[in-house]
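Quick caveat, the model's predicted, so the values are computed rather than measured. Each chain gets a letter, A, B and so on, in the order its sequence line appears, and its residues count up from 1.
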Amino acid sequence: MFRESPIIRWRNYSDRYKLSGHKCTKCGANYFEKKGMCVCGNLIFSEMFFSGNGKIVSFTKIHSGPSVFEEQSPYCVAIIDLEEGARITAQIVDCKYDELKIGLGVEAVFRKLYKSGEKGIIHYGTKFRLKL
Amino acid sequence: MAGIIGWGAYIPKYRITAEEIALVNNDNANAIKAGLGLTEKSVPGKDEDTITISHAATKNAILRAGIKTKEIGSIYIGSESHPYAVKPSSSIVGDAIDLGNDYMAVDTEFACKAGSATIQFNMGFVDSKMINYGLSIGADTSQAEPGNALEYSAAAGGAAFVIGKNEEAIATIDYTCSFTSDTPDFWRRAMQPYPSHAGRFTGEPAYFKHVVGATKMILEKTKMEMKDFKYVVFHMPNGKFPERVAKIFGVTKEQLEPGLIVKKIGNTYSGSALLGLTCVLDIAKPGDKILMTSYGSGSGSDSFILTCTEKIVGAQKKALTTQDYVDRKEYLTYSKYRKHMETIH
Ligand SMILES: [Zn+2]
């Protein structure tokens with residue numbers, strides 16, 4: 001569920017705004033989410049940034065999502081394999097559902113995610129569009 | 001003097017035609033199109049605003065500049081549709097493009113010239129060696145009250161420029177000056193969702209006086225003539241006003257047309273003259289001279305003279321062009337258009 005504290009969101013600005021991730025210092029595997037341990041067993045990670053280029057692995061259309069996304073409905077969501085190896089789920093914008101295909105190239109864009117009501121913070125972050 | 005190191009444009013994908021708006025407003029579409037000199041306008045996506053448009057244009061400008069974002073010492077965003085009344089757009093874009101923390105930032109507002117004025121700021125900071133590079137951005141998701149004549153032209157888009165030393169410039173900025181006066185032609189009071197305007201008064205004593213005034217001023221100060229310029233860009237509230245100014249100065253169609261982007265996407269307010277400039281930079285050749293005069297209601301015009309350098313050729317291919325964004329479009333019905341605009345508030 002969505003928690004409305006602007007502070008909780010602020011802690012995620014780096015990965016939401018800039019697609020920052022975590023690189024295993026031993027085998028070089030990249031993760032979007034912070035991991036306790038890499039698949040290789042290493043416990044140490046360094047900060048890295050994903051280029052924002054990737055490919056669609058799977059996709060769907062959301063007609064009735066969480067209430068904060070209501071004004072954007074309906075919208076497309078896809079599982080994306082990023083060029084550097086991590087897999088993430090994100091909204092695909094500026095395209096119709098019929099245009100989406102597994103394997104299509106996508107690129108990151110910076111968009112509004114949702115607003116915290118009429119008076120709250122506007123949340124921004126990374127979404128994707130079909131590569132121009 | 002300082003110059004432009006990189007430039008970038010961004011125009012949202014969505015469009016609405018004058019016909020579609022005229023149908024709802026019971027207007028004569030052909031009369032509107034002939035009167036305003038435009039056929040359709042750009043509309044922001046439901047998740048786009050001045051901040052996201054600024055970010056997209058800035059990404060392109062940095063690609064063309066070929067510099068590291070941490071080398072940028074300032075970011076200024078001019079707009080009359082900053083998403084927050086209090087909380088800067090500039091720090092959000094600054095964080096999202098990874099400027100770090102060592103940079104100056106502020107949002108500006110001067111109707112449609114809020115963006116061009118920030119080029120003057122950064123020229124001063126670069127020339128005084130306070131920064132190496134500065135970002136100047138003009139972007140808007142302009143608002144028009146349903147049924148108002150502004151609905152046909154109020155569009156969305158923006159342009160960004162990396163300003164730096166002349167030696168690295170793709171176009172040197174040879175001179176700039178402004179023509180300013182207190183003129184009540186167009187305004188929006190605090191807490192009001194839509195702007196108000198003084199009808200026909202927005203023409204002669206407002207737009208024309210200032211655009212012609214600033215342009216005359218810069219020609220006199222630099223002792224240059226219109227025939228010295230390959231391209232000329234005037235602020236574009238519609239397709240007709242810049243053509244009338246062109247006539248006054250004897251600017252040819254060949255000089256004006258390449259930057260006359262209003263005919264394809266409408267008036268992008270703080271992005272308007274600047275997107276005219278990005279159109280021209282996308283196709284200019286080394287040695288070409290450009291004259292640009294912006295206009296902001298209330299009122300003022302900033303005039304600039306630029307000369308393109310050898311470096312412009314390599315930079316042109318490094319990012320999407322303004323035309324790429326003009327060509328990418330999806331038409332909306334009036335009801336969908338209103339839905340897109342409602343998400344702005
Ligand atoms: Zn590992």
Heavy-atom pairs under 4.5 Å with chain A, option from Ile92(B), Val93(B), Asp324(B) with the top count: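 Ranked by contacts with chain A, first place is Ile92(B).
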Pick from Ile97(B), Leu320(B), Ile51(B) with the largest number of heavy-atom pairs that fall under 4.5 Å of chain A: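 Ranked by heavy-atom pairs under 4.5 Å with chain A, first place is Ile51(B).
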Does any backbone or side-chain atom of [X] lie under 4.5 Å from a heavy atom of chain B? Answer side chain, backbone, both or neither.
X	result
Ile121(A)	both
Val93(A)	side chain
Tyr13(A)	side chain
Tyr75(A)	neither

is_close_aromatic([X], [Y]), centroid dist under 6.0 Å:
X	Y	value
His22(A)	Tyr31(A)	no
Phe59(A)	Tyr97(A)	yes
Tyr124(A)	Tyr17(A)	no

Side chain to side chain donor-acceptor pair (under 3.5 Å) assessment of Thr268(B) paired with Asp140(B): CA-CA 6 Å; Thr268(B) 52; Asp140(B) 258 306; over 6 Å; no
Portion of Lys87(B) that has a non-hydrogen atom of chain A nearer than 4.5 angstrom: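 For Lys87(B), side-chain heavy atoms alone lie under 4.5 Å from chain A.
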Residue Ile53(B) versus chain A: region with a heavy atom under 4.5 Å: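 The answer is neither part of Ile53(B).
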Lys127(A), Arg129(A), Lys112(A) screened by salt bridge (Lys or Arg N to Asp or Glu O under 4.0 Å) with Asp47(B), the one that passes: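 Only match with Asp47(B) under salt bridge (Lys or Arg N to Asp or Glu O under 4.0 Å): Lys127(A).
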Nearest heavy-atom neighbours spanning Asn267(B) and Ser272(B):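 Closest pair (atom of Asn267(B), atom of Ser272(B), distance): OD1-CB, 3.5 Å.
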